[in-house]
Each structure stands twice: as structure tokens, then as C-alpha cells.
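First the proteins, then the strands, lettered A, B, ... as listed; each starts at 1. Values reported hereafter were calculated over all heavy atoms of this structure, with side chains retained and with hydrogens, waters and symmetry mates removed.
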Number of protein chains: 2
Amino acid sequence: MIKITFPDGAIREYQSGITGLDIAQSISGRLAQEVVAISVNGDLIDATRPIITDSIVKLHTFEEKEGKHAFWHTSAHVMAEALEALFPGIKFGIGPAIENGFYYDVDMPNDTVLTDKDFQKIEEKILEISRGKHKVIRKEVPKSEALDFYTKKGDEYKVELITDLEDGTITFYSQNNFTDLCRGPHIPDTSYIKAVKILSIAGAYWRGDEKRKQLTRIYGITFPKKKLLDEYLIMLEEAKKRDHRKIGKELELFYFSEKVGLGLPLWLPRGAMLRERLENFLKKVQKEYGYEPVISPHIGQKLLYVTSGHYEKYGKDSFQPIHTPAEDEEFLLKPMNCPHHCEIYKCKPRSYKDLPVRFAEFGTVYRYEQSGELHGLTRVRGFTQDDAHIFCTPDQLKDEFKKVIDIVLYVFKTFGFEGFTTQISLRDPNNKEKYIGTDENWKKAEQAIIEAAAEKELKTKVELGEAAFYGPKLDFMVKDALGRSWQLGTIQVDYNLPERFELEYTGADNQKHRPVMIHRAPFGSMERFVAVLIEHTAGKFPLWLTPDQAIILPISEKFNNFAKKVANVLNISDIRTLIDDRNEKIGRKIRDAELKRIPYMLIVGEKEEAENAVSVRRQGQNDIGGMPVDAFIKLINEEVNQELKK
Amino acid sequence: MIKITFPDGAIREYQSGITGLDIAQSISGRLAQEVVAISVNGDLIDATRPIITDSIVKLHTFEEKEGKHAFWHTSAHVMAEALEALFPGIKFGIGPAIENGFYYDVDMPNDTVLTDKDFQKIEEKILEISRGKHKVIRKEVPKSEALDFYTKKGDEYKVELITDLEDGTITFYSQNNFTDLCRGPHIPDTSYIKAVKILSIAGAYWRGDEKRKQLTRIYGITFPKKKLLDEYLIMLEEAKKRDHRKIGKELELFYFSEKVGLGLPLWLPRGAMLRERLENFLKKVQKEYGYEPVISPHIGQKLLYVTSGHYEKYGKDSFQPIHTPAEDEEFLLKPMNCPHHCEIYKCKPRSYKDLPVRFAEFGTVYRYEQSGELHGLTRVRGFTQDDAHIFCTPDQLKDEFKKVIDIVLYVFKTFGFEGFTTQISLRDPNNKEKYIGTDENWKKAEQAIIEAAAEKELKTKVELGEAAFYGPKLDFMVKDALGRSWQLGTIQVDYNLPERFELEYTGADNQKHRPVMIHRAPFGSMERFVAVLIEHTAGKFPLWLTPDQAIILPISEKFNNFAKKVANVLNISDIRTLIDDRNEKIGRKIRDAELKRIPYMLIVGEKEEAENAVSVRRQGQNDIGGMPVDAFIKLINEEVNQELKK
């Protein structure tokens, strides 16, 4: 008999050799139908593999990340079988599960290009194989046998992959008529797959090397229920409509120029003004919380990053050093603001009485990403962090953490990110030597984060061993209107940089001490935040933030002058107002303004002019009615105040 | 007889072979005593050289730049003679006139280090030689003779210099016992030099090459009157007190870190906030004038600068290209914002109805300077331009120019730069092929600038041939409180970049046209402007701009609580207020606040607390008297409004 420990701490005894599926069955028949993979002592494995020693076991359904991973990995194999049946002679590269579904890189026979019709055929074939309820069988194979198998099959890609593997580590997985080189884990059999969609194809160089053959990458997604697929496809449609790249272009917020360079956004006037409003919003809050602005250059000597340790860790994969035409100097584009802020801390001696100091900078940083990884404003090569670094004594850590949490929560509330989750990442208590900083300081910092989160009533997940080597942290994940998760906001303790930069303060004991450093960025970056905000709101920004707050729609050209007068009054009152003075019917003007997502439409005609009034219509809603211009100014100001209320 | 034309257009006839001195004498004996050099047909020459053809002649006294140049150049020779007399075996490098005085790079015998006592001896020797009234005699010498002279003398530096010269171009100048290799021009004789000061010494590598010998650079200055030297030394003392590097440190505005890199300023909190106020000041004005903000990255593909032409022209002497770790890309740190703004212009088609567009950006740019050239905030490697580019039709040019002039004049008025001068730089009408752009457009642009300047009643100097190859310009020079000139503010027309970037708009004729581009920066750069402002005001900034507007000085600790209450009220009212709650006598607190240049001191004691009032004292002045806190808020707001009035 072996002892199985469950996540809730319960322990049950089973026969040695029992599988995850058997364990699920012993709990409930329904659970057994849903479990697709298990974790044994932290390792993700097949639910059908025997367990032979005392173990900690977690059962995973499709609901969980781990379950989805196994489900989609098996689906990739089934798609491969379907492709082989439909396109004899096809050769296979790699076929992993990804965040949403899976793909397979294939070498199509005769360079066949797949069409929508092919997509449908592949889907049908996948479902046909799935219905066969074929068991997915794992087999450990010697390297020679593995090489032999694929050499005979004539699949040179797999041969190349196996050549790089060590003997004794190689496993095959088979279902029905198809065998694949694979680490697993996989779901018990193919019948779990009930719905499939082939999503798209793209070119992908073999092993990411542009000098090698370009293969066809086929993306797909599967689900254990048809209903889940339908929901996913609707979400996908909606996400397409909300794509920040599309809306950003429509609203003229930002633009990418090929000549300037990939991943380097140009903020157009409307976007630059929106970003400035966002920055001012945060500046105001930060000022209240005692932050002080600083400004640092976008380059630093290589020595700065050798000191911080970044050069050793990331130098090779970063934008390369900038040489000077004389004097043999080397500079780097700054990938983060912290080393500069450490140097600012050092501009004069500090006493414990001066702490905490909080340096804030909207600092633009540059990080190299491969061009293929770039995506709109969410993956760029240059971005502006809403960065700040707090330097404090260990005793001040908890209070500072709580204040940062307050700011983050205020940001989420203001932008309507309601369903957020938080994770506290602590060090692995069994591997303390992996981390820098004294035991005492780590305990103090971890305790400070845990207590601060508890006192702020955050529902947190605590993860051991997820801390950075330089300190524990608290991360915030928000869910957008489509239920997608985004990481926004992070608060991080750092013992490393104060050590490396030899930061000091004089304590009450008149001795030198090291301050603790907190890194924090409630938005993450201006680029990422604006992208997420666009996708979350579908471009309908909060009233205080949106580029155009009101548009005046004269019923006919006769009222254009009155419209100008009203627009002038509103703009002077800092209400961002446009006029639609085209010679168009009022219905058309209303429809166009609706499409432009302008919150308030102000219709003016004879009656309005006579009464110095406007007839107000809220975007996406009906008429609110007529009111004097002054009353409208009051209305809009009250709405803005309401939005920004703490 | 030859005809001599004077600057006022008058023409007089003289014997061929007449000298500048003779001409001066023919006008007035006093003038003859003051003329130290002349220009003949634009070439600066000795006042003692014969003129043999019809010429345009300008006579220069010490008052003029050209006169000073000759005066100080001769002084360098006299100093060299004095040095040779005092330190036999000394060898000479180069010894030019500079903006304020002159220097000589010398190789001291036995590496003697000069002391203050030596300075005095050198000064005495110079005056002794000067009093000798030795004529300064020019002689053309063949290269072989020149080489021979210095080889015999054993001065290897001069030998090296002569080796690089072409035969037939070499001249010697001699006075008394000293002969120097020199192009001239020089003053007639040494007796003009009536006062001298040896200012300082510094190390200087021979020919600026750090691999060669370090020579001693000896700086000096001379004047034709003792009184002028006394005034200069007083000004120098005052300038030292106003040195922006010194005041910037005292006021904690900015800081340079060796680790971050030379010439890369870090703005400390008080400086960053001051800079933000400056930026907001300009943003507000620019918004009124229809400018739109944009934000562009700090790097651009090399291609961007190949397109703009900057790479070809400046690439070799700039920060070198940034390579990517993969994909073989090359980027450059942006040395200016215009290419990025051209790409923003191109983000969509433009019609004549959309013009002018005005893109403004506080854009940080990076330009390589040799480390020896760096100086505080005035010569840096990274700086933020208050940049904007206006794209307009040729017909709109004059109006746009006038609006830019308005902004520049408002800036000068607000900061108290009263004695400014302007220069219009036009193309050389005899060398039209040197310039890009059609004849018609140049005429239009030059006319536009001249008319705009006239309509704005600027007193302008027009300089032919001083335009950039890409367009004419208008420059503003301000005089600071010590009478020193600084170039601030430039407005430049550009036909080149619209051409190179193929910028277009659709005209009323439905045809494609090229817009004209205007570059302008009223401050020049934030760094330079802040430096000039510090030196101009000695750190006493205008009230609206200064870091701390008021400081509350409680008479004793008993009133610290009331002081806090008042400070709170003032800070909420956006009046930047400190408290001096140290246990010090009120007299000491007042003295310290005076030194910190805080405009308002608010003394509070029993009477003030009882009346919720403050006793107000203006920095550098006397008591203004007691007033309720509200009245003080009103007073300060009114003063700020007055300062910012247009």
C-alpha cells in the first residue's frame, strides 16, 4: 500500500501501481470522466501512469491550465494523424500545446497550400479519430530504435530532434495509427475531444532559423464540449473587434512606421494627449503619496549595468552596446530605470530620518524582442514604465507595501478592472542559498507582504519558490471584459541592487545600514496599459480619459455658428469638444458619432439656440433631454469627479 | 589712387599702399589710437598692412569681436615672450585668441608647475614688454626657412606644425625678441596692452591626442585699459557665484553620476518638478497656438537617418549604431526629432484643409561630444529639446512665422530676458546652387521671414549666406544679467526633409504638393535653458517657477503646530511651502531662508496664531507686514498671474 496526499491535506492509502484515473474513480465516477492529467510530487504526468511510492497528488481537469495543456497536446497528435491520413508524405516538425490551443509545424507534400476547405476536412478527420476512443499509449524507447523508426518513416525533422536527445530519456506516444516523439503528458484517450476548430496557418522556419526550410504552422483548438468551442469562437470574434491595433488606428492613437522601426510606437496627437492624461492621473495620486519625480537619461555606461548585474544576465540578448566615435566608451540603451534611480539615491548622504524616499519616473526603456514576437502595443521594443522606486528601512516595508497596494487598487477601480487576482511569490524555504539577502530580512519582507495583503483584504494565492532571487513580490492579474487575464501591476522587494550599488543610510544608531528597495508599476507600462484598456473597453474609455468627450451636431448649417459658440465655451471649460458641421442629415451625424464612441452628442437647432441650450444624447443610450450649456458642463464635471473618486 | 568704400557707403580716394592706421588717422587722431585691426573685402588683416587696390574697408577697435581677436592674439605672443624670458628652454605649441582672452599651450622646462607667484611674474613681464611699444612685424617665409628656424630653436611642436603647412602660405610675426609662426592679424604694437591677468592653467594633450604629451595650457586676458580689466574680474567673480553647476548643486536641481556617464544629467526631484513647470508653461502656450503633442522613441533605424541625410553628414562623429543580437538590424540614438515627426506626418494622407499641422514634443536627443567639451547643463550628451515642427503650405509660412515669434517673445518677456537681438540668415544670392528648394520658394520664405520680423517690430540684422543649405532662419540671442550673450530660440525653414521624406498634401487643385517645414525651439533645450536661467537669475527664479515659494518660520517650537496647519493650507492651494521647525533663533532662520533664495518668509508666533495670520517678509527685501493666510494666498497668486501675463 502507498500513501496518497491530496491538496487539502487528506491522506488515503491505495495499492501500489494505482493510476490517477483510478484515484479519481475512487472519489466519484463523474470526476473520473473529467480528469485528464495529474501532478505527482509536482511533476505533470498522464492520468493513466501507475504511481508506486507515497506521493502528493493533484488531479487536473480541463478547467485547469495543466489539464488544458495535456488536452491540447493530445489534440496536436490527433491533428497530426488526421493530416497524415489526408496528405500522405507530410513530414512533422514540432507540435506543442500553447496558451490557447495548439499548433503543428509541418512540411506539406509538394508544398501544398492549405485552404479553408482543407481546414474543414481536417476538422472532420480529427473528430472521426476522436470518436474512435483510441487509447493514448506511452512507450519509453532506446535512442537507436527511435532513430530507426523515423529514418524508416523518412521524417528528417524528427530524426534531427532525436539526434540531439540523450539515450534513456526518449518516449513515444501513440494513438490509433499514429506515433509521435513526445515527453507527454497526454489525456487517457481520444474520445475526450468533442469539438475542434482549425484556426489559421502561418509560415515558421524550422527551428526558428531563417536559413532553414519554412514549414507550415497549423493552429487549432479543441474542447471537451461543443458549447465551449462556440463560446470561444464568439469571444474570438469579439476580441477581433476589440483588437487594440485596429481601434488604435481608428481612433488615431498610435502608429508604427516601418522606417522608424518595428516595435517602436509613435504616439499620434490623440494618443499622446490620452497618455498625458493617464500620466497626470498617476502623478496626482503619487504626489499625494509622497512620491517625487526624477528624470534620467535613456542610456547609461556599460559599467552601470555591470554593477547592477543586468549586463551579465541579459547583455547577450539585448540591444548591443553603443560605441563612441572616440575615447572608447560603451553605453547601453537602458532596459530599466532602477540603476539610474540608485545613482540618484547616492547623490547625497541619507539619514533614516529622510526615509522613505520615493523616486517616480515615466521612464522609457528599450528591450530587444525578435521581430516575430512583436505585437501592437503589448509586445514592443521601447516602452514607458510608470516606474517608481521606494528606498526605505526594513521596518517601513509593510507600511510602504500597503500604500502601494492602495494605489494599485485605486487604479483598478478607476478603470473598472473588477475581477483581479493577486499572487504572493515567496522564496523556496528548502533552497535558501538561491536567494540574496539575510534570512532576517527575507522573513521580515515576506511577513510584511503577507500582512499587508491581508490587511488590505486581498484574496491572495501564495506560491513558494516563485520569488525572484533578489526578493519576494506581489503580482496583480486583471480579467478584462472578455474574461482574458492580463498581468498589470507588480510590487517587488529588492535586496540585490542596494547591495550592488552599496546604498546606505545612517540609522538612529549612527551606523551605516542598507535600505530596502521596492520596485512598483501600477500600469506596468503606458503602452501595455493603453492596449489592455482598449481591449477591455472596446475603445469606450472613461469620460475623463477619452479623446473627445462631446460632439456638437447642428441640425442644419444654419446653426453652425451657434455650435461654434457652444464648442468654444465647452473647450474653455476643459471639455474636449468637436463639431460635426458637415452638410449631412442629423440622423447620419448621430450614427457617425456613435461609431466614433464619443460619449456625448449635443444636438443644436432653433430651440436650443433660442435658449442657449443643448439637446443631450449619451453614446449607446437614448436622449437625456435638453439643458442649458452650463447645466451640461456641470453634468459632465460631476460624472468625471464620480469616475475619479477614491 | 585707390578707392576705399566705408561701411556707411562713403567712398574716399587714397594713395595705393595706404594702411588701415593711415586711413583712421585721416579721419581722426583718436580713431587712429583705437583701431587695432581692419577688414579688407571681408578679410581680417593687420591695420599696418598696405592696401593696393580698390577695397571695402572696415576699421575695428577693441569694442568689436574682430578687434578683440587681434588684441588677444598679440597678447598670446607677448605672453609667450614673457614665458621664454622667465623659463628658458620652454617650448611652444599653439596660442590662439578665444572668446574671452587667449591661451598658450607650452611644454614647461623640467615639467615645472606654475604657481600663483609665477602668474604675477608673468603678468609683470608682459606689462614690461608692452610698455616697450614694440612693433609687431609680419614676414612671409619659405617653408624651408621656417623649418630651419624652429629646428635650430629646438621647438619640435612648431616644426611639426610647419611640416603640415604648404609652402608659400607661411608667415611669422615678431615683436621685440620673440618670433612666432602665425597667420595673424595682430595689433600695430605692444603698447596697446595696458592690463593683463593670467587666469588659470590646465592640462592639454598636444593636438588633442591623449596618446601624446600633455602640455600646460596657460589662460590669460588683456585689456587696453586697466578699468576694463577690473570690470571683467568683478564680472568673473559674479559669474562664478552664478555658475549653474554650483547653484544647481546647492538647490539640488540636478546631478551627474560618473557611473551613469559624463554629460548625462540626472534631474533630482526639485529639478524635475521645476522642469515640469517649465514644460507645462510651454505646453499651455503651445496648446493655445494649435500645437498637438506627439511622442516618438529615442532610437530609429539607421535607414531613417540615411533617408534624412543625417547619417551621411554626422554619422561618423555620432554615437555609433546599435546592433541587435539577431536579425542584423541597426538603430541609432536619435540626434533630433524631425525625422520621427516626418514619419508621423505620413501616418495618413493630408489635405491643404488640414494644414498647418504642428507637432510638439519634449524630445530627448543624444549627440556625442568629446568628454573634454562637456560643461554642466550647457554642453551635454543627452538633452531634451522643446521641439516642434510645423508643416504648412508656402502661403501659410509668414503667418506661422509670426505666431512662432509671438511665442518666443512671450518666453523672453516671462523670464526677463530684455536685451535680445535677432539675426535673419538668408542664402548667398550669388551661390544659389548651394541650396535645396526652388527659387520661388526661397524668395517666398525669405520674404516671409523679413516681413514677419518687421511686422513684429524686431530689430534684426540680416546676414546673406548664413542660411542653412535647407532653408533660411531667424535666431534669437539673449543677454543675461551679466551682459553675456546666449543663443536661445531659433526658427528655421526646411525644404530638405519634406523632399527627402516625400511629404505631400493634396492642394485645392487636387494635385500633390510638398509642405514646408518649420523647426522651432523657444527654449533651445530644457538643459541649456535652465542653465542660462540659473546664471541669469543667480538662482532666484520667478515666483511661479521657483522650487519653494514660501517657508514658514515659527518664532519658537510652541508654534510648530500652527506652522504645520498653515503649510498644509498653502500646499493644498498649490503654494509650494516649507517649514523651518528647527530649534533655532528666528534671526538665524531668516538668514538661512535668505540664503536658500526662498521668495517669501512667513514668520508665525503668538499674535499670528491668534489671528490665523502670517507675518510676511520678501527675500532680499524687508518686512511686508502681517496679513491673514487667505490674503497671503491672494497676494502670491496675483504675483504669479502678473509674471505670466502676456
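- Neither the backbone nor the side chain of B/Glu361 comes within less than 4.5 Å of any heavy atom of chain A.
- Salt-bridge formation is detected for the pair B/Asp580/B/Arg582: a Lys NZ or Arg NE/NH1/NH2 atom is positioned less than 4.0 Å from an Asp or Glu carboxylate oxygen.
- Contact annotation for A/Leu332: neither backbone nor side-chain heavy atoms come within less than 4.5 Å of a heavy atom of chain B.
- Salt bridge present: A/Lys646 and A/Glu288 bring a charged side-chain N and a carboxylate O closer than 4.0 Å.
- Aromatic rings from B/Tyr311 and B/Tyr305 are positioned such that their centres are separated by 6.0 Å or more.
- Annotation: residues 362-377 of chain A contacts chain B through A/Thr364, A/Tyr366, A/Tyr368, A/Glu369, A/Gln370, A/Ser371 [non-hydrogen atoms, separation under 4.5 Å].
- Residues of residues 275-284 of chain A lying under 4.5 angstrom from chain B, judged on non-hydrogen atoms, are A/Arg275, A/Glu276, A/Lys283 by number.
- If you look at B/Phe359 and B/Tyr345, their ring centroids are not closer than 6.0 Å.
- The backbone N or O of B/Ile322 sits nowhere less than 3.5 Å from a side-chain atom of B/Lys302 that would complete a donor-acceptor pair.
- Looking at A/Arg270 and A/Asp548, a side-chain N of the basic residue comes within less than 4.0 Å of a carboxylate O on the acidic one, giving a salt bridge.
- Contacts of B/Lys249 with chain A are absent, with no heavy-atom separation under 4.5 Å from either backbone or side chain.
- Neither the backbone nor the side chain of A/Tyr291 comes within contact range of chain B, judged by heavy atoms closer than 4.5 Å.
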